[in-house]
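Letters A, B, ... are given to chains in the order of the sequence lines, protein chains preceding strands, and every chain is numbered from 1. Because the structure is a prediction, the values reported are computed rather than measured.
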Amino acid sequence: QVQLQESGPGLVKPSETLSLTCTVSGGSISNYYWNWIRQPPGKGLEWIGYLYYSGSTDYNPSLKSRVTISVDTSKNHFSLKLRSVTAADTAVYYCAREGRDYKFDYWGQGTLVTVSS
Amino acid sequence: DIQMTQSPSSLSASVGDRVIITCRASQSISSYLNWYQQKPGKAPNLLIYVASSLQSGVPSRFSGSGSGTDFTLTISSLQPEDFATYYCQQSYSTPYTFGQGTKLEIK
């Protein structure tokens with residue numbers, strides 16, 4: 001059974017960089033697209049971007065100038081960096097696998113990141 | 001970006017009721033439409049993919065239909081564990097986008 005687990009700081013100061021890692025267990029990171037999705041408290045879901053295991057990426061244009069998603073296949077994990085954060089970036093951040101048929105079939109439990117001084 | 005609009009935004013229903021949630025895309029997305037259920041404090045859970053395929057392990061009371069721009073999620077007979085928020089999501093093109101959600105509450 002594939003499992004995803006997000007990790008990283010729960011509090012980030014404004015203007016700094018949010019950094020999260022998603023560790024994949026129970027399966028290989030190869031041959032799939034790996035996504036980051038976020039959800040501000042009490043609001044809906046926003047797709048941040050994805051990375052293919054080979055390293056190619058695609059980002060939401062609304063965040064593209066501030067986002068980098070990268071992979072470490074040797075550790076079976078992928079990472080998110082979001083630069084120059086503001087309070088508007090406060091959200092639960094999820095990692096998710098995009099399986100065959102373009103569906104998010106496995107999700108991490110989510111991690112709340114608060115942007116505050 | 002493709003805009004996804006769900007209706008209703010909230011819905012009160014009783015155990016045993018048949019419930020239909022609709023999702024409309026701002027342009028044709030063929031059948032690249034997924035449905036998720038989210039309970040408070042939990043990650044979304046995939047119910048239906050490519051508009052009408054039931055994800056493994058999901059009860060058969062959930063079904064999906066539609067293509068092009070108009071889609072529906074039907075719950076044939078509501079169970080207590082079905083009270084949650086439901087989201088549609090298009091996977092036709094990036095940026096992937098979600099509907100605003102439909103909160104299903106107990107009447």
Max heavy-atom pair count under 4.5 Å with chain A, selected residue of B/Thr94, B/Thr97, B/Val50: B/Thr94
Between A/Tyr102, A/Tyr59, A/Phe104, which has the largest tally of heavy atom pairs under 4.5 Å with chain B? A/Phe104
Select one option (side chain, backbone, both, neither) describing which atoms of B/Pro40 are under 4.5 Å from chain A's heavy atoms. neither
Leading residue by heavy atom contact count with chain B [cutoff under 4.5 Å; candidates A/Glu98, A/Glu46, A/Gln109]: A/Glu98
Chain A contacts, top residue of B/Gly99, B/Ser53, B/Pro44 (heavy-atom pairs, under 4.5 Å): B/Pro44
Would you indicate whether the side-chain heavy atoms of B/Pro95 and A/Pro61 approach each other to under 4.5 Å? yes
Tell me which of these, B/Tyr49, B/Tyr96, B/Tyr32, B/Phe98, has more heavy-atom pairs under 4.5 Å with chain A than the rest. B/Tyr96
Pick whichever of A/Asp101, A/Asp105, A/Val92, A/Leu45 has the most heavy-atom pairs under 4.5 Å with chain B. A/Leu45
In short, B/Tyr87 meets A/Gln39 closest at the heavy-atom pair OH-NE2, 3.3 Å
Most contact-rich option vs chain A, by heavy-atom pairs under 4.5 angstrom, among B/Gln38, B/Gln100, B/Lys42, is B/Gln38
Okay, A/Tyr50 and chain B: the region with an atom under 4.5 Å from a heavy atom over there is side chain
Checking B/Tyr36 against chain A: side chain, backbone, both or neither under 4.5 Å from a heavy atom? side chain
Structural part of A/Tyr94 lying under 4.5 Å from a heavy atom of chain B: side chain
